[in-house]
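Data block below; observations after.
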Amino acid sequence: MTEIVEDGRTGLHFIPGDARDLAEKVEWSWTHPQEMDAMGRAARAEYKSKYTAERNYKLLTEIYSHARSAKASKAA
């Protein structure tokens, strides 16, 4: 998840297995609603630019097109 969530911009990271760190992040979240709202908006924008079905479809068709071209080049 650390690759997807940018700490402080699209969400918060916490140390896995560290209950104290998680509790601190939850407390911060409750006491900083405006920052959390901004992070939520940034996360949504990131999702819409990278992870929608339409975006993934475009990327997948580009990968297939590249693979077909590479195969055709080797066959020639």
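Values in this document were obtained by computation on a predicted structure and should not be read as measured data.
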Following the transitive rule for hydrophobic clusters with a side-chain heavy-atom cut-off under 4.5 Å over Ile, Leu, Val, Met, Phe, Trp and Tyr, establish whether [X] and [Y] coincide in one cluster.
X	Y	result
W30	M39	no
L12	I15	no
F14	V26	yes

Margin query: Minimum heavy-atom separation for S49 and R55, please, with both atom names.
Written below: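 That closest heavy-atom pairing would be O-NE, 3.3 Å.
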
Next item on the list: For D21 and H13, work out which heavy atoms get closest and say how close.
Entry: OD2-O, 4.4 Å

Note to self: Could you check whether atom CD of Q34 has more than 12 heavy atoms from other residues, nucleotides or ligands sitting under 6.0 Å from it?
What the structure shows: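 No, the 6.0 Å shell around CD holds no more than 12 heavy atoms from other groups.
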
Next item on the list: Give a yes or no on whether Y51 atom OH has more than 12 heavy-atom contacts from other residues, nucleotides or ligands under 6.0 Å away.
Entry: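 Yes - once you tally the heavy atoms of other residues, nucleotides and ligands closer than 6.0 Å, there are more than 12.
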
Item checked: Presence of salt bridge, K50 and E46, under 4.0 angstrom -> yes

Check: How many angstroms lie between atom NZ of K48 and atom CD of E54, to the nearest 0.5 angstrom?
Finding: 10.5 Å

Check: How many angstroms lie between atom CG of L22 and atom CD of E24, to the nearest 0.5 angstrom?
Finding: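 Result: 9.5 Å between the selected atoms.
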
Checklist line | Any donor-acceptor pair under 3.5 Å from H66 side chain to E62 backbone | finding: no

Notebook entry, point to check: Does T61 offer a backbone N or O that forms a donor-acceptor pair with the side chain of S65 under 3.5 Å?
Noted result: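 Answer holds: no.
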
